[in-house]
Amino acid sequence: MTLPGQLSDPRVITLFGLLAVSAAVWVALGLRARARRASADTPLERIWHPQETVALTPAEERAFDQVVSRLSLGSAGRLR
């Protein structure tokens, strides 16, 4: 089956082909970027640290709590 009139021109067929290929590449890259962003939300594997097995003294625990409270987010979403 042949295309009627101007649609049978090889330049028009090439143009439509390029548009189809570019649209397919654009969609594929968008889906790939979305998948990459979704996988970045998954937590990383937990890494063991030697200090986790050492018991802290009450003074060390208080000092740690003070550091954590300074690093917590304030009401505006910024670090204090």
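Everything quoted here is computed from the prediction, not taken from an experiment.
Taking Leu19 as the reference, Leu15, Phe16 meet the side-chain contact (heavy atoms from CB on, under 4.5 Å) condition, with sequence neighbours excluded. For Arg32, there are no side chain to side chain donor-acceptor pair (under 3.5 Å) partners at least two apart in sequence or on another chain. In terms of the side-chain contact (heavy atoms from CB on, under 4.5 Å) criterion, residue partners of Glu60 (sequence neighbours excluded) are, by chain and number, Leu56, Thr57.
When side chains are defined from C-beta on, Asp9 does not count as touching Ile13, because their heavy atoms never get closer than 4.5 Å.
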